[in-house]
Structures are given as C-alpha cells and as structure tokens.
Amino acid sequence: MAELPARDDRLSAAVAKAAAVYTPFTLSFYDVIVHGLSNRFAWLCPTQKLIELYATSLSANHLEAGVGTGLFIDRAADAAFDRLVLLDINPSCLARAGRRIERFAPQPWQANLLEPLNADIAQFDSVALTYVLHCLPGRMEEKLKVLDHLRPLMRERAVLFGATILGRGIDPSPAAKKLLAFYNAKGIFNNGADDQSALEAGLRQRFQTVEIERQGCVAIFRAS
Ligand SMILES: C[S@@+](CC[C@H](N)C(=O)[O-])C[C@H]1O[C@@H](n2cnc3c(N)ncnc32)[C@H](O)[C@@H]1O
C-alpha cells in the first residue's frame, strides 16, 4: 500500500495549491471576478469598504502581505510611501502588483507567511493581510501563526489590518454557498471552519486593541 504523505508534505502541498492559482492569466481577470463581482454579489462586502479600510489605515512605512494584483494600494494610497514592501509566496503576484504600483517604488519580498520570516529588516508602521487567511490551510489557530511571523516586523504602535472571507457562522446566499463549496473543493480557499470568534480570539491573544466587524461573509479587522 502506498504510504500516506507526511503532514508537513500535505501542508506544503496545500499551501502551494492555494497560491498556484494566481498565474499571469488568472491575475488578468482577478480584479473583475473578486473585487468587481464576488465582493458585491456573493460575499456582500463592497470593495469600496475595503478601500476605505486601506485609506484610513495605511502608513508611509507599509508591508503588504499577500499582495495579489496590488489593487488596494493602487486605489487607496494617496501619498508617497517612505517604504513599501510587497510580500507574497507567488512571484507572478509580485511581478504584476510591482508593475501596477511602480510609482510607489515597491520592494518585492517572496516568502511564505506560514514560515518564520527573516526578521533582519526594519520594522513597519502598518501591515495589511487582506483575503489571505481564507486561502491558508489549517484551522484558524494554525493559520494565525502568520500573525506570529508578522508581529516581530511591526513597530510598537504599528497597525495590522485586513479582511478574510469566513466559511462558518455566516449566512451565505445560495450563490455564495456554491462559490464557497467550489473554491474549497479546488483548494483555492480553505475556510470551511473559519469563523469570526476564532479570528477575534486569535487577534486578542496577540494584540492589545482589536476592532473586528462583519460585512456579509467577510470579517474586517484592525489590530494594534
Ligand atoms: C486571494 S489573494 C488576495 C490578494 C489581495 N490581498 C487582494 O485582496 O486582492 C491571496 C494572496 O495571498 C498570497 N498567498 C497565498 N498563500 C500565501 C502564503 N502562504 N504566503 C504568502 N502569500 C500567500 C497569494 O499568492 C495571493 O497573492
């Protein structure tokens, strides 16, 4: 009988699967599908709400973790950055976002958020983690290891903010249910057990001030 893959191998395969979907081709329509259609009609969280979160939370010394196409920085940043670092496991995302927001001279950083990050880098005043947690494999407590990796990169009063699509404790429309089932079956999402209380508990364990709000299927958070 073939041996089952070890847990670490399964985890690495799940991480790779969740990130591999972002190719130059899929990224060319990502904004329309996710931020144009799904946010509005499936998750019931208007993209404008997330743009406002960025507009009110970005600092001039910012780390964007899980950058995708760079839409939020492009749409929300209204002044130059002293330093803007884009972190992603996927080089296609870094390349596309880097081109889109070239005007801010971003520095790319290819890394896996589920592994300890090189702490030999100056700390940030803001860190964004938007629509990343629902992609990561594992239970919420395991996913939130990313916060333990990001926290050493944050200055004393730095703000962490972002959003994630929940898979439990929500009231999804039939369309949202179908989309959740499809993305989870494909390994693009891994959020079947993600609920707001586990997210909030994990944030409160690690940060003094936590604001969390639900908009449709999406939990929007800010912590410092
Ligand atoms: C759903 S997209 C969100 C992109 C962007 N934040 C947005 O809201 O449009 C998830 C992003 O997280 C990245 N990502 C997924 N797993 C990751 C991991 N383990 N470490 C670092 N980045 C990861 C993906 O490559 C992708 O850029």
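Residue numbers run from 1 in the order of the sequence given. Indexing begins at 1, ligand by ligand and atom by atom, following the structure's order.
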If you count the atoms of ligand 1 from 1 in the order shown, which ones are under 4.0 Å from a heavy atom of Asn112? 18 (C), 19 (N), 20 (N)
Say whether Val132 and Leu180 are linked into one hydrophobic cluster, either directly or through other cluster members, by side-chain heavy-atom distances under 4.5 angstrom. no
Using a 4.0 Å cut-off to any heavy atom of Val132, which atoms of ligand 1 qualify? 12 (O)
Provide the number and element of each atom of ligand 1 under 4.0 Å from a heavy atom of Tyr30. 1 (C), 2 (S), 3 (C), 4 (C), 7 (C), 8 (O), 9 (O)
When you look for heavy atoms under 4.0 Å from ligand 1, do you find them on the side chain of Val15, its backbone, both, or neither? side chain
Which ligand 1 atoms are under 4.0 Å away from a heavy-atom of Cys135? 1 (C), 10 (C)
Just to verify, which of Asn190, Thr164, Asn191, Asp194 counts as forming a side-chain hydrogen bond (donor to acceptor under 3.5 Å, both in side chains) with Lys143? Asp194
Just heavy atoms, cut-off under 4.0 Å: does Ala65 contact ligand 1 by side chain, backbone, both, or neither? neither
Is Met140 reachable from Phe207 through a run of I, L, V, M, F, W or Y residues, each pair having side-chain heavy atoms under 4.5 Å apart? yes
Within reach of ligand 1, part of Tyr22 (heavy-atom separation under 4.0 Å): side chain
Output the list of atoms in ligand 1 that are nearer than 4.0 Å to some heavy atom of Asn90, sorted by atom number. 25 (O)
Can you confirm whether His62 sits close enough to Ile73 that some side-chain heavy atom of one is under 4.5 Å from a side-chain heavy atom of the other? yes
Would Ala128 count as a contact residue for ligand 1, given that I'm defining contact as a non-hydrogen atom of the residue lying under 4.0 Å from a ligand atom? no
Identify every side-chain donor-acceptor pair in residues 209-219 under 3.5 Å, counting partners at least two apart or on other chains, and give the distances.
{"from": "Glu213", "atom 1": "OE2", "to": "Lys49", "atom 2": "NZ", "distance (Å)": "2.7"}
{"from": "Arg214", "atom 1": "NH1", "to": "Gly216", "atom 2": "O", "distance (Å)": "2.8"}

Can you give each donor-acceptor pair under 3.5 Å made by side-chain atoms of residues 154-163, sequence neighbours left out, with the distance rounded to 0.1 Å?
{"from": "Arg155", "atom 1": "NH1", "to": "Asp125", "atom 2": "OD1", "distance (Å)": "3.0"}
{"from": "Arg155", "atom 1": "NH1", "to": "Asp125", "atom 2": "OD2", "distance (Å)": "3.3"}

Taking only heavy atoms of Ala111, which atoms of ligand 1 are found under 4.0 Å from at least one of them? 20 (N), 21 (C)
Check if Val67 has a non-hydrogen atom at a distance under 4.0 Å from any atom of ligand 1. yes
Check this for me: does any side-chain nitrogen of one of Arg96 and Asp88 sit under 4.0 Å from a carboxylate oxygen of the other? no
Common cluster, Leu86/Leu133, ILVMFWY with side-chain heavy-atom separation under 4.5 Å: no
